[in-house]
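The shown structure was predicted, so the numbers you read here are calculated from the model rather than taken from an experiment. Just so it is clear: chains get the letters A, B, ... in the order the sequence lines come, proteins before strands, and each one is counted from 1.
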There are 2 protein chains.
Amino acid sequence: MRKSLGVSWQTLQRLPVYLNYLKSLPSEWERISASAIAAALHLNDVQVRKDLACVSSSGRPKVGYPVDTLRRELEDFLGYHDVDTAVIVGAGHLGRALLNYGGFEAYGLKILAAFDVESTLFGSEGGKIWPLAKLGELCAQLHPKIGIITTPADAAQGACDLLVSANVKAIWNFAPVHLRVDEGIVVTDENMAVHLAILSHHLRQSPVREHFNQC
Amino acid sequence: MRKSLGVSWQTLQRLPVYLNYLKSLPSEWERISASAIAAALHLNDVQVRKDLACVSSSGRPKVGYPVDTLRRELEDFLGYHDVDTAVIVGAGHLGRALLNYGGFEAYGLKILAAFDVESTLFGSEGGKIWPLAKLGELCAQLHPKIGIITTPADAAQGACDLLVSANVKAIWNFAPVHLRVDEGIVVTDENMAVHLAILSHHLRQSPVREHFNQC
DNA sequence: AACTTATCGATAAAAAAATATTGAATAGCC
DNA sequence: GGCTATTCAATATTTTTTTATCGATAAGTT
């Protein structure tokens, strides 16, 4: 199920983490070794090297990887240099927060508009909130590739279907439900309940001593 | 690194998904089989059964699991019935969205307050936003177990250290950085960049046909 | 120039996870 | 009451992922 051409799903999850780490490095750092990255991130050095091998071949013995090159290669691979466009369905607290966030452009994501059924919202947030009924029309103009779902759970599947029929190719789902979609549509669930479950479960598990990355 | 007593990390990730699915069932449904859950969620039935075996032994041949019992068992296991308390550091768009969301109580999470350095925010959102300088004092009173970080990347490690010194035992990190913490503190990264990477990468990978869960 | 050490990359081994197989239990049916 | 179909649970197999090992390469050192 979770398969991808070339890189494994777990590797794909770690790549942005490496990129973050590279960004956090002081700019006078010119080179970095896989072992150093592994040590900093509490990972296995061979794993880091294998992961990086998927996106780069600029590593040299005794030297490591040139930071700026590796960074660019990672960003390229992750698509941060090509801009994808998105629309949001559900302009509640979370939807509006994402709409206003602004930090996604650095990741190559531009959020064009948000839709909701609540008429008091229309036109607010810089005129970016629209009636849900306008979704089809606007999407036909704007051609967003990504649909972001921030509706309540019971409205999520409907929102999803609507987005798919508006030709969106990928769904980023913040609602705590499992969405059913046709083949050819990618769904990733930003399931906060999962993270809460992990935190909660581990708080109850004494002594707690693990460090998790995403999930 | 990602180890837990009893359940594997992957299983722990799927449990909330099962719970969501059970909740979505019509209330007249009294029983459900692992095979049915697996089919609905596009998973392997043996996997579902093994996962459920960690939290329940109420499954019976030919019958399946009683929905309400299984639901309660999952909620118990995931700690939704015990309330954990949390504070937020960073009252920007995302921080305020989480503070106002209100839906976390269903997962056993109560958000008590948010902290920021921006003085124009103090006292807003129902008096729940406080100056960062007050964090130590308030935490000493409220004893939150969870710290939620929604600061910009460059402030995240500082926020983290502050929370840890205020005796928080778990960190839910929304900032796109890898946090360093002492042993004994749990960190989960709600790394949106990871999800964006997945979406973006797969949009570029034609034809796209996978369905991902969290990550 | 040879030696040492840090590092990459490839291959091999180990561990973990997912999937398949089989057997047992039970409800419904003949 | 015995037969059949469904489903759980235990075991076995396969696949995937992680970790370890080894040889090669290049920078710094003597």
Side-chain angles (χ1 to χ4, degrees), chain A residues 1-15 17-18 22 25 29-67 69-70 73-74 194 198 210-215, chain B residues 1-15 17-18 22 25 29-67 69-70 73-74 194 198 210-215:
Chain A
M1 181 124 244
R2 291 171 176 177
K3 190 177 46 109
S4 172
L5 299 87
V7 283
S8 81
W9 192 72
Q10 351 268 333
T11 296
L12 189 52
Q13 285 197 272
R14 283 187 295 263
L15 294 179
V17 179
Y18 300 146
L22 294 186
L25 254 31
W29 254 144
E30 287 182 11
R31 297 187 291 262
I32 184 97
S33 74
S35 331
I37 297 175
L41 266 39
H42 293 120
L43 296 169
N44 182 284
D45 59 333
V46 178
Q47 187 170 61
V48 173
R49 234 169 259 129
K50 275 185 103 169
D51 288 343
L52 293 181
C54 300
V55 302
S56 173
S57 46
S58 56
R60 282 192 304 137
K62 180 76 181 177
V63 179
Y65 302 80
V67 176
T69 307
L70 183 57
E73 286 169 323
L74 277 168
V194 169
I198 291 168
E210 311 302 335
H211 184 104
F212 288 90
N213 301 317
Q214 51 256 341
C215 330
Chain B
M1 177 130 251
R2 291 170 178 180
K3 189 174 49 103
S4 172
L5 300 87
V7 282
S8 81
W9 191 71
Q10 347 270 330
T11 296
L12 190 53
Q13 285 197 274
R14 283 186 296 263
L15 293 180
V17 179
Y18 301 146
L22 294 186
L25 253 31
W29 252 149
E30 287 181 12
R31 299 186 292 261
I32 184 101
S33 74
S35 331
I37 297 175
L41 265 40
H42 292 120
L43 297 168
N44 182 284
D45 59 333
V46 180
Q47 186 171 62
V48 173
R49 234 169 260 128
K50 276 184 103 168
D51 288 344
L52 293 182
C54 300
V55 302
S56 173
S57 46
S58 57
R60 282 194 302 135
K62 179 76 184 184
V63 179
Y65 302 80
V67 175
T69 307
L70 184 57
E73 286 169 324
L74 277 167
V194 168
I198 292 168
E210 312 301 336
H211 184 104
F212 289 90
N213 302 317
Q214 51 258 343
C215 315

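With rounding to the nearest 0.5 Å, the separation of OG1 in B/T11 from CG in B/D51 is 4.0 Å. To the nearest 0.5 Å, atom CG of residue B/L25 and atom CG of residue B/L70 are 10.5 Å apart. Considering OG1 of B/T69 and CD of B/E30, their distance stands at 10.5 Å, rounded to 0.5 Å.
Heavy-atom nearest nucleotides on DNA chain C were determined for A/Y65 and for A/K50, and the one closer to the 5' end corresponds to A/Y65.
OP1 and OP2 of C/dA18 both lie 4.0 Å or more from every side-chain N or O belonging to B/S8. For C/dA17, neither phosphate oxygen OP1 nor OP2 lies less than 4.0 angstrom from any side-chain nitrogen or oxygen of B/R14.
Distance NE2 (B/H42) to P (C/dT19): 13 Å, rounded to an integer number of Å. With rounding to whole Å, B/L43 atom CG is found 9 Å from C/dA18 atom P. In this structure, A/L15 places its CG atom 13 Å from P of D/dT17, rounding to the nearest Å. Atom CD1 in A/I32 sits about 10 Å away from atom P in C/dT7, given to the nearest Å. One atom, CG of B/N44, and another, P of D/dA9, lie 15 Å apart when rounded to the nearest Å. To the nearest angstrom, C1' of C/dA16 lies 14 Å from CD of B/Q13. Going from atom CG of B/D51 over to atom P of C/dA17 covers 11 Å, rounded to whole Å. Remark: P of C/dA10 and CG of A/L52 are 13 Å apart, rounded to the nearest angstrom.
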Please tabulate the protein-to-nucleotide N/O contacts below 3.5 Å involving nucleotides 21-30 of chain C, giving atom names and distances.
from   : atom 1 : to    : atom 2 : distance (Å)
C/dA27 : OP1    : B/R60 : NH1    : 2.9

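The shortest side-chain heavy-atom distance between B/W29 and B/L22 does not fall under the 4.5 Å cut-off.
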Quick one: side chains of residues 58-67 of chain A, donor-acceptor pairs under 3.5 Å with protein atoms, not counting sequence neighbours, listed by atom name and distance.
from  : atom 1 : to    : atom 2 : distance (Å)
A/S58 : OG     : A/S56 : OG     : 2.8
A/S58 : OG     : A/E73 : OE1    : 3.3

Check: residues 43-50 of chain A side-chain donor-acceptor pairs under 3.5 Å, at least two apart:
from  : atom 1 : to    : atom 2 : distance (Å)
A/N44 : OD1    : A/V46 : N      : 2.8
A/N44 : OD1    : A/Q47 : N      : 3.3
A/R49 : NH2    : A/S35 : OG     : 3.2

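Here B/T11 lies out of heavy-atom contact (under 4.0 Å) with every strand. A/A34 comes within 4.0 angstrom of the backbone, heavy atoms only, and of no base.
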